[in-house]
Amino acid sequence: MSAPLSEEFLPEAEELLDQMDADLATLEQTGLTPEQMADRLNALFRSAHSLKGMAGMAGLTEISRLSHEMEELMDHLRMGRVSPQPPTMVLIGEGVALLRRGVAMVAKPGAPGPHGTPHGTPHRTNDTTLVEETADYTNRIKQIVTATPGSTSPPLASLGIPARLVAALTTYEEHRLRENLRMGRTVYAVRVDFGLEDFDRQLGAVTGRLQERGELIATVPQIGEPESAEGQTIGPGRIGFELVIGSTQSRQELAEGVGPTVQVTALVEAGTGGIRETMTTQPDIVPHVPHAGEATTSVRSLSDTVRVEIHQLDHLLNIMGELVLQKAVLYQLAKELLEREGSSGLAGSLLKSVQAVEHKLTELQEGLVEARMVPLGQLFDRLARAARKLSRELGKSVDLRMSGEETRLDKTMVEAIADPLLHLLRNAMDHGLESPQARRAAGKPEAGQIMLRARPQGASVIIEVSDDGQGIDLPRVRDTAVRKGMADPDKTYTNDAIIEFLFQPGFSTSEQVSEISGRGVGLDVVAKNIATFNGLVDVTTTPGVGTTFSITLPITLVIIRALLVRAGAELFAVPLSTVAETLLGRSTDIRTVEGAEMIALRGRTLPLLRLREHFACAPSTQAQEDDLYIVVVGSAESRLGLVVEAIEGQQEIVIKTIGELLHGLISGVAGAAELGNRRMILVLDVPALLAEASQRVVATG
């Protein structure tokens, strides 16, 4: 594939497929008006048509052929020749899935090009299985299309529609006109004319008001006509339109609601076949007068969107991180100079300049981070498609509700959390929701409800997957853990400790293995993937009421705000997004339970981890006091108290990798960071420390 194809075809094709999924989800909703149904069917048709054209230009014949067959089916849907029943919509959903597979193959590196020649960013849509499935799919569509009988409706001219309009209507517009008559509506012709300077703006205003009062069937321009059909002259420098609309309103109501129209004519009234009389209103249109310097035409692009590859933004963000580091160095130098010479002179000026640079760097950082952000609605739409498929496979009726689709998150993180969220969705539908019979017996609606929510919270984003099912059977989880050798049958475990078993590799309570669950792969993958981004997973469950999984993710990864803490002679950075609170305690407050240190915090037990002992730090030369600082990290049910000697303040840091040689050898370290005084410190991997603490709690009971 040539570079232009990879840069233009792939993102546009993905956007079209996402839009098709969203339109399909809308069509599956109940209570749609005929106008809404027709609008979504039209949108589906346009997306398939656009994808067909793009694929044809790129030489992707398989995708183009499949799009063409889907376009044919959706045209029959638009024309009312095929009913939009669930089997038909499922068939379209299968077609979108096949198109996604074909588009995904376009992005596979190392595959042959359209003529079998490899290139840098190749495309390949000749996978044998895909070709066979596409052939089978197109045959199923052809069977539906060829079996559709032709229309036997009387010609529009016999209904009294003027010949000039009949000749101007497309086949689809003729179909929508008949549909409006079938629904008992009156079909009107609304005639308007405007000045050429701003006719598009005025026409848009009129069509908007018409669409509020019925279905706009067609817009027929009449430019160049010296007279209207009723003998009224359209003056020079003006353009006329005849708008055909189906409405339940009277002629008077329509004329008053639309505003300054030339004519409102009832072409065919509901239940009749005759042309009705015309009611004329006086036009009240003020011609648009161009102001000085205004151009009558423009060659500027209508779009101001520029696509940028994510690796380019990664590079810019890394440079930004280096600038933040250099800013910290300058700030440290300014402080040292200020201590020597005082606030007057060069030291004061340097400090002010550094502070000004810091302000602009913050703005630049926010701008770069914002450029990488995408709305979670794109991912939510894909999850909704998967939920519909799982619902059919499980035989469970599911009411999936989503909120916060506009919440934005880093593009890299959105793709990385797609699989974890899919795991949680599967668990909610398979394990969380009861069978329809059990729900009826429990007095619940037969359709189980799953909520997919997202919301920003400070420098983090929280994503929740909740269900109104049976909740987690904690005794069963404990018994399964005992049977698998993960738990001691003689020990008592807290609910939090029992929930932690769910995130252990190989853990599953399913009695049978299926494609959906039972293989012991799921929540451990969720925890691992989320931990990669310094994120946290929390679980709350109530028997008979439901379960909620909450994922907390930082908005950005490279440049973060951190809390600097001292353990012994060493400094550590704790990502601020993981810090719940800080406490000042005393050694006498700590209790030891079976070798594990704990402290009471607002009626619950908080496990402790002494950083100096965990990392075997050299003791500090400063005098040790009885007071201890405790940094509480985590959120909701997963919390841990980090015992440190001092809290040194907050600072922006740039996380650097510690290298493959050290990876896995240093437990609880996410990377390293350089401070303004050139000192290197370790950045704590809070999710890893939480996991270790949970395992100790499980081991000790």
Gap separating the CE atom of Met54 from the NZ atom of Lys52, nearest 0.5 angstrom
13.5 Å
Consider only side-chain N and O atoms of Ser466 and Arg453, and report whether a donor and an acceptor are under 3.5 Å apart.
yes
Only one of Glu133, Met70, Glu62 forms a side-chain contact (heavy atoms from CB on, under 4.5 Å) with Leu98, so which one is it?
Glu133
Is the backbone of Leu66 close enough, under 3.5 Å, to the side chain of Glu69 for a donor and an acceptor to pair up by distance?
no
Whether the side chain of His175 engages the backbone of Arg78 through a donor-acceptor N/O pair (distance < 3.5 Å, no angle test) should be reported.
yes
Applying side-chain hydrogen bond (donor to acceptor under 3.5 Å, both in side chains), can you list everything that pairs with Asp21, at least two apart in sequence or on another chain?
Arg100, Arg385
Hey, does the side chain of Asp430 reach the backbone of Arg426 with a donor-acceptor pair shorter than 3.5 angstrom?
no
N-O pairing of Arg382 and Glu415 below 4.0 Å
yes
Would Thr186 and Val268 satisfy side-chain contact (heavy atoms from CB on, under 4.5 Å), going step by step from the backbone distance to the final call?
CA-CA 6 Å; Thr186 300; Val268 186; over 6 Å; no
Indicate yes or no for a side-chain donor-acceptor contact from Asp468 to the backbone of Gln449 under 3.5 Å, with no hydrogens or angles considered.
yes
Kindly compute the distance separating OG1 (Thr407) from CG (Leu379), expressed to the nearest 0.5 Å.
12.0 Å
Could you go through the salt bridge (charged side-chain N to carboxylate O under 4.0 Å, His left out) check for Glu464 and Arg455 one step at a time?
CA-CA 9 Å; Glu464 295 178 344; Arg455 69 180 188 277; 3.2 Å; yes
Looking at Ser247 and Arg213, would you say the former's side chain and the latter's main chain have a donor-acceptor pair under 3.5 Å?
yes
Give the C-alpha distance, both sets of side-chain angles, the deciding distance and a yes or no for side-chain contact (heavy atoms from CB on, under 4.5 Å) between Asn180 and Glu215.
CA-CA 8 Å; Asn180 275 268; Glu215 179 180 350; 3.1 Å; yes
So, does Tyr137 use its side chain to make a donor-acceptor pair with the main chain of Glu132 at under 3.5 Å?
no
For the pair Ser391 (side chain) and Ala387 (backbone), establish whether a donor and an acceptor sit closer than 3.5 Å, ignoring hydrogens and angles.
no
Here's a test for you: under side-chain contact (heavy atoms from CB on, under 4.5 Å), which of Ile217, Leu216, Asn42 qualifies with Arg176?
Ile217
I'd like to know if Arg185 pairs up with Glu179 as an ion pair, taking the criterion as any Lys NZ or Arg NE/NH1/NH2 lying under 4.0 Å from an Asp or Glu carboxylate oxygen.
no
Donor-acceptor pair, side chain of Ser67 and main chain of Ile63, under 3.5 angstrom:
yes
Would you find a donor on one side and an acceptor on the other, under 3.5 Å apart, between the side chain of Tyr188 and the backbone of Arg251?
yes
Could you go step by step and tell me if Met37 and Leu27 meet the side-chain contact (heavy atoms from CB on, under 4.5 Å) rule?
CA-CA 7 Å; Met37 180 73 72; Leu27 285 169; 3.1 Å; yes
Side chain of Lys396, backbone of Leu433: donor and acceptor closer than 3.5 Å?
yes
Test of understanding: with salt bridge (charged side-chain N to carboxylate O under 4.0 Å, His left out), list the residues that count as partners of Glu434, not counting sequence neighbours.
Arg439, Lys444
With sequence neighbours left out, the residues meeting side-chain hydrogen bond (donor to acceptor under 3.5 Å, both in side chains) with Arg401 are Asp399
